[in-house]
Each structure stands twice: as C-alpha cells, then as structure tokens.
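Accompanying notes for the structure given below.
Labels below follow one simple rule: chain letters A, B, ... track the order of the sequence lines, proteins then strands, and each chain is numbered from 1. Just so it is clear, the structure is predicted and the values come from calculations on it, not from any experiment. What's counted below: heavy atoms across the whole structure, side chains too, no hydrogens, waters or symmetry copies.
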Amino acid sequence: MPRYTPSKIESRWQAAWEKDDIFKAVRSADKPKYYVLEMFPYPSGRIHMGHVRNYTMGDVVARHKIATGHNVLHPMGWDAFGMPAENAAMATGGHPRDWTYGNIADMRAQMKPLGLSIDWSREFATCDPEYYGQQQALFLDFLEAGLVYRKNAVVNWDPVDMTVLANEQVENGRGWRSGALVERRELTQWFFKISDHSEELLEALDTLDNWPAKVKLMQSNWIGRSRGLQFAFSTLDAPEGFDRIEVYTTRPDTLLGASFVGISPDHPLARALEREDPEVAAFVAECRKGGTTEEAIETAEKLGRDTGIRVRHPFDTAQELPVYIANFILMDYGTGAIFGCPAHDQRDFDFATKYGLPIPPVFLPDEDHADRLDEAYVPPKTEKVFYIRGFAGDTHQTGEKAIDAAIAFCEENGVGQGVTKYRLRDWGLSRQRYWGCPIPVVHCDACGVVPEKKENLPIELPYDVTLDVPGNPLDRHPTWRDTECPACGAAARRETDTMDTFVDSSWYYARFTAPHAETPTRLEDAEYWMNVDQYIGGIEHAILHLLYARFFARAMHITGHLPASAVEPFDALFTQGMVTHEIYQTTDERGRPVYHLPEEVTDGKLADGTEVQIIPSAKMSKSKKNVVDPLGIIDRFGADTARWFVLSDSPPERDVEWTASGAEAAYKHLSRVWNISDRIAGMEENAQGTGDEDLMRAMHKTIHDVTVGVESFGFNAAIAKLYAFTATLQKSQAGQDSQREAIMTLAQLMAPMTPHLAEDIWAMQGGEGLIATAPWPVADEAMLVDDTVTMPIQINGKRRAEIKVRADMPKDEVEALALGHEAVIRTLDGAAPKKVIVVPGRIVNVVA
RNA sequence: GCGGGCGUGAUGGAAUGGUAGACAUACCAGACUUAAAAUCUGUUGGGCGUAUGCCCGUGUGGGUUCGACUCCCACCGCCCGCACCA
C-alpha cells in the first residue's frame, strides 16, 4: 500500500517550482502587486524553530496572495554585519567575513528544504560591498541634505581594555572580558537628525491602521512628546557665565513646592565646577561609573552633592534653593537641569528624604487632609485636587488645568515659556568596530571633515586585519587609513568608525525592489513594489528597528531615493511570538542546575531513573539545552509537518511550545489526509453515495472559515477548521464526484501551510497545472446559511435550556417560544419575567 | 526604575460583551490483532447525584452590565523593550 513519504514528494515539488520559476517577481501591469517581507535573519549559522515559524507565516501569506491573483514579491536576505562575527573571530581565530559567508551558505542550505516561495534571485547580504557601497552613497546624500551631523556622545568605556563596549558587553557595571568597572566617556560621533522628525513620526502613527495598537503606543511613548515650561533660575555665588540655570518641567503647577535644583553630572555647570574643585571632580567621576543604559542609570542608587550654589525662586526671591549635582538627571533630556518637587515625585521625595530637604506639598486630595506626606502624592493629572500652594487657576482643579494655567501665568509674567519637547534623541550611528559599513568620510588637516567622492565608493573593508587584541582593527591597520583629501588632494586619514547595524536594516526592504541597481534604489521599481504590504517580525523590534526604518524612508524620500508614497514603508505589521520548549533540569551535588537534552528524557526520567524537573514554555537557548533543530524534524517528518505544527498550536502573535508529541500528531494528520486522497483516487468514476449535500455544505463553510483565518493571521483557528473538515471527509459516504471535489479543495486550503503535500494530492486527483498557481477556492454564500439555529436560553445569565428555531424567526416569536419552555416555566413559577433579552441568532436571556 | 504586553482543564489553546473549554496533545476505555505497533471509535474542567438536574470554575480582589475570559480599577506572576545585541 502506498504511503505518505515527505522526503520523496518534498524534493520533487521543490524541483517543479524551481523549473517553472514561479516565485520570481517581475513587474507587471496585469495583476495587483503584493510585497510580503519577514524581518531578515542574522546569519548565526543555524536556523532555529523561530525562523521556521516566522518564514512559514510569511509563506502562508505569500502563497495565499499568489492564489488570489496577486503579483507577489517575497524576498530573502541577510542582516550580516555585527558583533557576533567579531566575537567568533576572537574566539576561534577566523575572519569575520569568512565566518559570515560560511554561515550564510549553511543557513541558505537549511532554509531551502522548507519549500518557501522566495525569489532567491534577489538575495543579498548587508556585508556585500555592492550593498554597503550603496549605503555609503545614501549616507553622503543624507550628509548633503543636512540629515547627518557630528557631536559628542557618551559611550561605555573599558579602562583596562581601552575600548568602547556595547551595552550587552557590560555586565553589572563591569566589562565582560576585563571585569573592570565601566566608565561613561565622551567621543565625537556621527548622528542622524531623527529628532527633527519627532512630530511627524508621532503624528503619522495614526495613519498606520494595520499596525498592532501596542506597537504604535510603544513608539508614541518612546517619542515622548510633552508640554511643559522652560524657565531660568538666577544663581548666587555661581562661577562666571552661570548666572542662570535653565530648567524644563512638565509640572509647572508644582513650582511652589520646589525644594532644590538638580543638574546632570554632564551639565556645563557641573563641568565647570569639576575643573575647579577636586571633591566635585571625584563625585562626578563616581556618577560616571556604570553603563550608559537608561535602565542602569534609573536603577542605580540615587546620589547627589550640594554644590554650595544657591538659586532664587522666581516667585519669591527671598527663597533660596540649593543646587545639587544628581546622578539620575540625564543631560540628553530637557535642559539637563530640573527643579525637585519632592511632595509630588517619588524620586525627588526619596532624594529630599536622603539629604534632609523640605517637602512642602502643593496640593492635597481635599481640605481635610493633613499636609504631611509619607510618600510622594502623585494622582493622575485628570483628577481634581485641592491646591494649597497654587498660583494660577482655581483652588480645586485637575493637574491638567493647573499646568495650563501655570504656563499661561508664567508667560504673562515673563517667568518662562511653554514649550513642547520630545524624549526621542538623535540616532548615534558611529561604532568603533571593524565588521560594519565604513563611514565614507575623510579627515584632512586643512579641510577638516570631508565627504568621500561617490565615484570612490564602495569604501571597502580591508581583509587583512587581526582581531586578537581589543579595539578597532581599522585604527591599527598599517595602510587602510591613508588616503588623500577629496577636496584638496593632500594626504589625509579615513574615518575608521563604521555604521550601527540598524542602518543596514533600515532600508533593505527598499533595496529588495531593485537589489542589483547601481544606485541605492531604482525609482520605477520602488514605485511599483513599495510599500511592503505585510511585514512580519518579532515584537522585540517594536521600537528601535521600526522607528529607524520609518525615519530612513523619510530621509530616502528627501534625498530622492523613494517616492513620497513610501515614507511609511510598512502598510501592515504583524508581530509573531517565539517558539519555546520545556527545559529538563536536575541539580548537581552543590545544588547548581544541570540541563538535559530532550532526547535524554523519557516519561520525566533520565536513563538512570533520576526524576527530572520540567520547566514549561521557556525560550529556546543552547545553554538550557532545550533547542529543537529544524533539520532533525525535517529529516524525520518532512518540512510540511514542521510548517503545520508551528502554525497549528498557538495563535501566531503568542509563543508556541514545541512538543515532540505535537509534531508527531501533525505528521499523523498529514499522513491521514494523504491516505484519504489515495482512497478517493481509487474510487470508481461516478460512483454514487449518500450525504453529498452535507459534505458540500461542510466544504463551503471550511472554505469560508479558512479564508478568513488565513487573511487575518488566524492560522491556528484555520487549522482547527481543517482538522474538523478532514474528519468529516474521512467519514463521508458521498459519491466520487463530491469526494474528489472535497479532497482537492482541502488540498488547496492546506497549500499555503503544507505546499508539498498539497501539490501531491492535486497531482494524484488529476488537477490541472500546479496547485501553487491554481486560483483560491471561493465559498458559495448560499451554502453557508443554515435554515435553523440552536439558541441557548439563559435565566438570569445562566444557560438553562436551548431551542431550535428558524434562522429568520422574528424576535417576539422567539421570546414566546422561550417563555413557553419547560425550564423557564419551572423557574418563573407563575411570576412574570422582569425582562427578556433576545439577541437574534445568538441568545435569549430571561431575567426572573 | 520606566514603557508595553500576557495570564482559561493535566498540556498548547478556542470563544464580534451572548451556550467557557472549539481543535489538538496527554490519559483512559473499546474495535481490529495470537500479541504488539499502526489504524479506527468513544470518554474526559472540578464537585454532588440513580437522574430530569444542581453547585463551583477563565491569576487574585473589587466594579460596570440583563449577561464579563472579553470593559474599568487595584494587586500578584511571567515575557518584551529601555537608544552600542540583532
């Protein structure tokens, strides 16, 4: 008896698709275009189940769109620059370029057996000189357009290795290799002026109707628009040039609750004091210890130091406030100086308590409330409170109103201005690393910083470098830096910093539309293919990658590389969850955890009988030994089983737990479908049966439900319907015609998920051409409507009975029928119902 | 610390504010078999009960509603991000 043999059919159908080149994307006026893109992978060397899930989802969308008559672009590439290549080179002595291209070859070979509908002719890696040369051209155009500039910025500095560290290389405030306490140090760096676009990037979020609301909210909070008051305190006893300290506050209504002024350790005044006073210098040095992340700064112990300088309160010049240097004030936000109002800010409250500063409340919940506080009183701004130290607006008012009134008052009295500020900072793109896109500028003693000439691009990375010592190999290279000034021709030095890898991933979607063009994009291709109709990737990219890409699309439009219609490059976004797996853990004699591979565990026990602790749903990681290799699964069950399983068990936006039994069940199911097809193929031509009508009704309902599921990312729900229909078909006694139609339709509905199996069934049933290009089945509306519906009857919200009624029965008839039901009569016991709610087609609720 | 999300049977999960637990796993039972595997069929949230049936149940506590897994408030736990990981 023939059986389902994925290893044979998968390679056969992949060859058939390749022979006809059906996934090659060519511009065409006859069909609507559809561009589906999954976030491209970093070439780590092995694909993992997360990749399988991500690319299978994109593939379902792509194949469904092909079947519904679209001209589909579905490309693949490699996000190939970055630190892991350098780390691997340091660890094993190889070269980042060899390591990366080797990994790309391996991963491509691992991906191909999945049978994805990818146009491989468009493949590129961001470390190809062809790609990063065009990126350098973009940089030069951005520079000319005033979208790039240089300024100082703070980096993590390892004082032992004498090198800049990435945030992930800082562990508990220490360098990962040297173990030295990390310091914050300033370097001159290149920046993209993303902050000029803050307002637009914020406003345009409203137009992104097919983005998850949570992503838009996260971006909105990240951009962080705030309305506040900017004003200056005049100082007493301050050094020359510091007779005013500018502060920005979003709570000007609490100005009379001010008890100190705080400045950032990087504030110009702190710098000035640092130069004069060794004790201040020591304190500021202490503040600069630790990493640069906001998390590290916010969770560090709050430190402050009284500078001895005093400021006058703008409303009461007799009142003097101390000026503190405080480690939690960021120079990058606002003016780098604040006034502290301890009564209404918990951080200020803790600070004031620590340094014995007064805590005068500005407002209280109501008149009766005592005016001593045990913690900061921070009600929502929309709540009405009682102002005891208000100076503008009503005594009883909301925080919102009080803020507006305070700004108006201050503006009228010349104390300050209402201003709008953003939390979003400019994007620092300089990296002191080898494996990235070189920044194409030259430093000339006479001309200063000079852009490289476009005809000299790409500025290629030299191959002959060593990564055996910390620091940037480009800096150490004997000749690479040496060049001549593009302006005056004198001897000059290349910039040795390379670009942040976020730059690489900020425009690859545009490059895919013309991957080998001799300019960054080709406008007619960009105009045809952009925007990405469906973008799919992880939620971890919700803010940075997606915000940078949105900015880049705008910058590319300004410099003529993208049409105005592509400034929001992703029409729809879907964020998928991870693939998780149980962790099997025991402990050693010292109580430390020991992890075990899934194949070492049977029925919760090791081979020697030791009980294993099972930790469910954990992110797959090598160190926890809970990684499942897709290749092993494909070998055992085939790609269709892997694809089916990653879609079937969880909603796509949630994590899915990989289980061996689930994978086996998926395989069994696919076998079952194949066997049904085999059986039907052997039926006698025109054989008659019974229940044809029922089978056809079930089929049309399934077409409808699966179509809705596939189009709305309800893949798991669509698969549940396919299971149900398979069971119906298996039991069906219908005639050969109906059964053949049913199995072919089932194959078509499964084709986006299990394309190889679907092709095989299609061929077995004598289908015309390839199922991959066959038109998507359409449900017959008439077959979807049932004549009768079952309606539950609730009594006081609890389901007590049900009635079968005609689908179009009027409300009052339904009500009469419900009230006549035995269960209702028994409960009402002669009394009249207080209320009867009839929701047509859904439910009846009798309130007794 | 700040911003965002999630929480439903033994397990993964389903459910436009309208029958909680679809579909799948696991378990149990049955058919087929000398037997096993494979395959097929059936049962399964907890409790009471011979039973028509009744009570409880969607992280915890409150609220809105004829009706809440779904909306609101507070709390607990887990996950993602925090600008040099990709």
Side-chain angles (χ1 to χ4, degrees), chain A residues 39 41-42 44 79 81-84 153 155-156 164-170 189 194 212-215 217-222 224 291-300 302 328 332 346-347 423-433 500-502 504-505 538-545 547-548 575 577-578 580 582 616-617 619 645 648-651 653-659 661-662 664-666 668-669 671-672 675 714 716-717 719-724 727 730 790-794 796-802 822-823 834-837 839 841-847:
Chain A
M39 290 179 186
Y42 179 81
S44 59
D79 189 13
F81 275 135
M83 283 202 315
V155 296
N156 299 306
V164 177
L165 298 178
N167 284 334
E168 75 159 8
Q169 296 174 319
V170 178
Q189 312 249 292
I194 188 172
K214 63 179 170 185
V215 174
L217 187 57
M218 281 191 262
Q219 291 218 351
S220 171
N221 289 339
W222 185 262
T292 57
T293 67
E294 196 168 298
E295 185 187 3
I297 292 164
E298 291 281 339
T299 53
K302 308 289 177 280
F328 57 85
D332 288 316
Q346 191 57 43
R347 196 172 56 184
R423 203 184 76 99
L424 180 63
R425 310 200 292 257
D426 278 334
W427 171 12
L429 67 118
S430 302
R431 296 291 182 271
Q432 295 69 45
R433 276 182 245 293
D500 177 10
T501 55
F502 272 125
D504 312 336
S505 55
I539 187 68
E540 66 272 23
H541 297 292
I543 298 176
L544 291 179
H545 162 61
L547 191 60
Y548 289 156
T575 56
M578 295 181 299
T580 62
E582 291 174 333
S617 306
K619 185 174 184 168
F645 179 76
S648 68
D649 239 28
S650 273
E653 68 276 13
R654 293 250 286 264
D655 294 348
V656 63
E657 173 141 326
W658 183 273
T659 60
S661 56
E664 243 164 83
K668 281 183 195 172
H669 178 74
S671 301
R672 196 175 303 137
N675 290 338
N716 57 325
I719 283 178
K721 301 291 183 187
L722 288 167
Y723 269 110
Q730 183 156 37
T790 304
M791 283 178 77
I793 300 172
Q794 292 185 334
N796 293 328
K798 288 186 182 196
R799 183 188 161 281
R800 282 296 126 99
E802 58 183 38
E822 167 208 0
K834 286 202 188 109
K835 199 172 175 183
V836 180
I837 292 119
V839 183
R842 299 232 66 134
I843 204 162
V844 182
N845 191 10
V846 180
V847 185

task: Classify every nucleotide of nucleotides 16-24 of chain B by which part a protein heavy atom approaches to under 4.0 Å, writing B for the base, S for the sugar-phosphate alone and - for neither, in 5'-to-3' order.
output: B-BB--BSS
5' priority, RNA chain B, between A:Lys302 and A:Val215 [closest heavy atom]: A:Lys302
task: Select from A:Arg800 and A:Lys668 the residue whose nearest nucleotide in RNA chain B is closer to the 5' end of that strand.
output: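 Its nucleotide being nearer the 5' end, the pick is A:Lys668.
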Hey, is the side chain of [X] pairing donor to acceptor with the base of [N] inside 3.5 Å?
| X | N | result |
| --- | --- | --- |
| A:Gln432 | B:C84 | yes |
| A:Gln346 | B:C2 | no |
| A:Glu295 | B:C82 | yes |

message: Between A:Arg423 and B:C82, is there a contact of a side-chain N or O with OP1 or OP2 at under 4.0 Å?
response: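 So the side chain of A:Arg423 is outside the cut-off, no N or O lying under 4.0 Å from OP1 or OP2 of B:C82.
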- prompt: Is the base of B:G9 syn or anti, where syn means the angle lies within 90° of 0?
  reply: syn
task: Give A:Thr501 one of three labels, base, sugar-phosphate or nothing, depending on what nucleic acid heavy atoms sit under 4.0 Å from its own.
output: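 Here A:Thr501 touches the backbone only, sparing every base.
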query: Which is true for A:Val170 with a 4.0 Å heavy-atom rule: it touches a base, it touches only sugar-phosphate, or it touches nothing?
result: nothing
- request: Please determine, for B:A29, whether a Watson-Crick or G-U wobble partner exists with both distances under 3.5 Å, and give it or none.
  value: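 In the structure as shown, B:A29 has B:U41 as its Watson-Crick or wobble partner.
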message: Could you work out, with salt bridge (Lys or Arg N to Asp or Glu O under 4.0 Å) as the rule, every residue matching A:Arg433, not counting sequence neighbours?
response: none
message: With rounding to the closest Å, how many angstrom separate the P atoms on B:C28 and B:A14?
response: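 These two P atoms come out 27 Å apart once rounded.
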